[in-house]
2 protein chains.
Amino acid sequence: MTSDPGRDESEFLANYDPRDYDPVSVTVDVVALTIRDGALHVLLVRRGAAPFAGMWALPGGFVQAGGPLQGTEAEDLSEAAVRELAEETGLSAKGGELGRVHLEQLGTYGAPGRDPRMRVISVAYLAFAPELPDPEAGGDAADAAWVAVGALGLTEAGDQRPGTTRRLAFDHARILSDGLERARAKLEYAPLATAFCAPEFTIPELRAVYEAVWGEELHAGNFHRKVLSVPGFVESTGATSDKGGRRGGPRPRLYRAGDARLLHPALLRPSREEEIR
Amino acid sequence: MTSDPGRDESEFLANYDPRDYDPVSVTVDVVALTIRDGALHVLLVRRGAAPFAGMWALPGGFVQAGGPLQGTEAEDLSEAAVRELAEETGLSAKGGELGRVHLEQLGTYGAPGRDPRMRVISVAYLAFAPELPDPEAGGDAADAAWVAVGALGLTEAGDQRPGTTRRLAFDHARILSDGLERARAKLEYAPLATAFCAPEFTIPELRAVYEAVWGEELHAGNFHRKVLSVPGFVESTGATSDKGGRRGGPRPRLYRAGDARLLHPALLRPSREEEIR
DNA sequence: TGAGTTCATCTCGATATGAGAAGAACATAG
DNA sequence: CTATGTTCTTCTCATATCGAGATGAACTCA
């Protein structure tokens with residue numbers, strides 16, 4: 001050990017040349033989920049450039065490292081996720097459509113060969129959004145659309161069933177599968193379902209979110225009792241919706257998201273018994 | 001769209017030069033946890049080289065990109081985690097001491113400026129190990145040791161309290177904090193506590209794991225009832241420990257880990273009420 | 001031998017859950 | 001306008017789970 005590590009360090013930095021190492025690129029990909037027409041949808045872009053040109057993919061792109069070659073500012077990973085989402089879909093980031101989305105890190109995918117160009121490490125993010133307008137393609141994307149998750153033919157193994165029309169590029173089928181499983185699990189113990197709703201929502205709307213994500217119907221009475229009994233999940237606005245349901249029924253009451261960060265006790269999905277082993 | 005995307009793609013790859021981009025490095029860091037003397041310990045190395053020479057850090061290092069400059073094989077991220085763990089601690093990877101550790105991805109940290117050398121993205125892994133021998137320093141590490149987590153003065157904000165002797169390099173205090181919170185949460189619904197134990201263990205030993213990770217005492221009778229009632233958590237060996245407890249008591253029975261992947265119903269920690277808001 | 005500790009099991013009240021029922025409010029077809 | 005069917009909201013009841021405490025037997029140590 002030296003008595004002056006500070007000197008060692010500046011000396012080290014002066015002699016350090018990153019170009020002596022094999023290059024690795026870092027990208028950010030986003031699994032953005034929303035509910036449309038009662039079904040879970042994911043935001044996809046059609047690739048306009050190689051590799052995998054013409055195939056569908058999660059919105060994403062390279063992280064701006066910050067340096068002289070491209071003259072870009074260094075950005076944190078979550079900032080890169082929001083930027084890519086905005087660039088490739090035409091949705092506005094700050095205060096606009098993307099202002100109310102919940103964003104969290106999903107995982108990082110770095111198997112050798114997952115990108116034919118070079119060694120690419122992808123940091124995947126998971127986003128939950130209320131119903132948003134149709135996206136407009138931008139950046140490298142030839143097209144962009146909300147696609148029903150059920151139409152992608154995802155298998156439990158993270159693949160797509162043969163015959164599925166919209167094929168996903170890279171290992172994005174696996175990333176999407178992981179994101180869906182995370183969403184299903186997290187709805188149990190976190191108040192995330194409200195992120196899919198408008199600022200004011202009804203209990204039946206909230207139940208529709210759970211049913212869309214979990215893919216199974218819930219007991220309306222028990223769900224209602226449960227949501228109101230979990231402290232901080234929702235709070236009443238005192239108001240009532242101005243219309244009844246599409247097929248009849250009384251006007252439901254309106255609620256806001258509460259201040260709880262965890263749901264206790266949790267809302268467990270009925271089908272969990274199958275997954276235990 | 002072209003009618004022959006394959007040609008586009010090979011053409012693209014021929015013209016593609018990664019050196020046109022600002023460089024980003026990717027490292028893997030490991031939060032390796034174990035129980036020693038009834039307390040939770042984490043594996044740390046003392047840095048021998050700049051930056052942060054002399055400070056303590058999580059074991060880790062650069063991912064081998066696979067390329068001509070260094071002549072290394074490309075490796076997946078989890079392989080890199082095991083390799084770094086072995087290199088810097090002298091523990092043997094395959095079939096040896098590291099053979100029985102549980103490894104999972106924790107998260108990725110990429111804030112600009114977190115490494116003074118250059119833009120570095122760190123993929124953090126979380127490892128759960130039964131009691132292992134003392135490590136031997138290797139690679140870039142000047143020293144390596146199991147350190148009691150309680151002695152590091154971690155705050156909820158991911159910092160270290162002033163006056164703590166062992167200072168952590170980079171943002172490793174935050175990474176460690178995140179790893180501990182993941183461990184605490186995951187013990188609730190996954191049979192991970194058995195990963196801290198020998199192949200055969202007693203219910204009181206399992207309870208000691210929960211108490212060490214959660215930092216609170218549990219009701220022995222209720223814990224016993226609960227563990228035996230969760231399907232697939234543990235299975236009886238039929239045998240009985242050959243000694244009683246250190247301070248008396250009957251000889252406890254021996255169990256093995258069961259085949260459950262999720263604990264249902266979960267074992268909820270008593271103190272969770274404080275974290276809800 | 002005696003005192004103190006621990007394992008393993010049981011009891012009891014409080015709480016949570018699943019399934020079903022019922023009344024009131026509403027949309028829509030006729 | 002009326003009749004029919006749907007939906008919201010609240011109940012009931014049986015069952016499952018949980019927290020707290022108690023008990024007897026087995027064991028260590030002084």
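Numbers restart at 1 for each chain; the letters A, B, ... are given by sequence-line order, proteins then strands.
- At least one side-chain nitrogen or oxygen of B/Arg251 sits closer than 4.0 Å to the OP1 or OP2 atom of D/dC27.
- Nearest heavy-atom pair, B/Glu205 versus B/Glu200, reported as atom, atom and distance to 0.1 Å: OE1-O, 4.3 Å.
- Ranking C/dA16, C/dT9, D/dT7 by closeness to the A/Pro250 side chain, first place goes to D/dT7.
- In this structure, A/Arg225 reaches the bases: a heavy-atom distance under 4.0 Å links it to at least one base atom across the strands shown.
- Along DNA chain D, the nucleotide nearest B/Asn222 and the nucleotide nearest A/Glu205 are compared for position; the residue whose nucleotide lies closer to the 5' end is A/Glu205.
- The nearest whole Å value for the distance from the CZ atom in B/Arg207 to the P atom in C/dC7 is 5 Å.
- Checking C/dA8, C/dA25, D/dC18 against the side-chain heavy atoms of B/Lys226 singles out D/dC18 as nearest.
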Could you pull out all donor-acceptor pairs under 3.5 Å where a side-chain atom in residues 28-36 of chain A meets a protein atom, sequence neighbours excluded?
unit_1  : atom_1 : unit_2   : atom_2 : d
A/Asp29 : OD2    : A/Ser122 : OG     : 3.1
A/Asp29 : OD2    : A/His172 : NE2    : 3.4
A/Thr34 : OG1    : A/Ala129 : O      : 2.8
A/Thr34 : OG1    : A/Pro130 : O      : 3.1
A/Arg36 : NH1    : A/Asp134 : OD1    : 3.1
A/Arg36 : NH2    : A/Leu132 : O      : 2.6

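- Sequence order on DNA chain C of the closest nucleotides to A/His219 and A/Gly249 puts A/His219 first from the 5' end.
- Residue B/Arg247 places at least one side-chain N or O closer than 4.0 Å to OP1 or OP2 of C/dT6.
- Contact annotation: A/His224 side-chain N/O to D/dT9 OP1/OP2 distance is under 4.0 Å.
- A salt bridge links B/Asp178 to B/Arg174: one of the charged nitrogens lies within less than 4.0 Å of a carboxylate oxygen.
- Within 4.0 Å (heavy atoms only), A/Lys243 reaches no atom of the nucleic acid at all.
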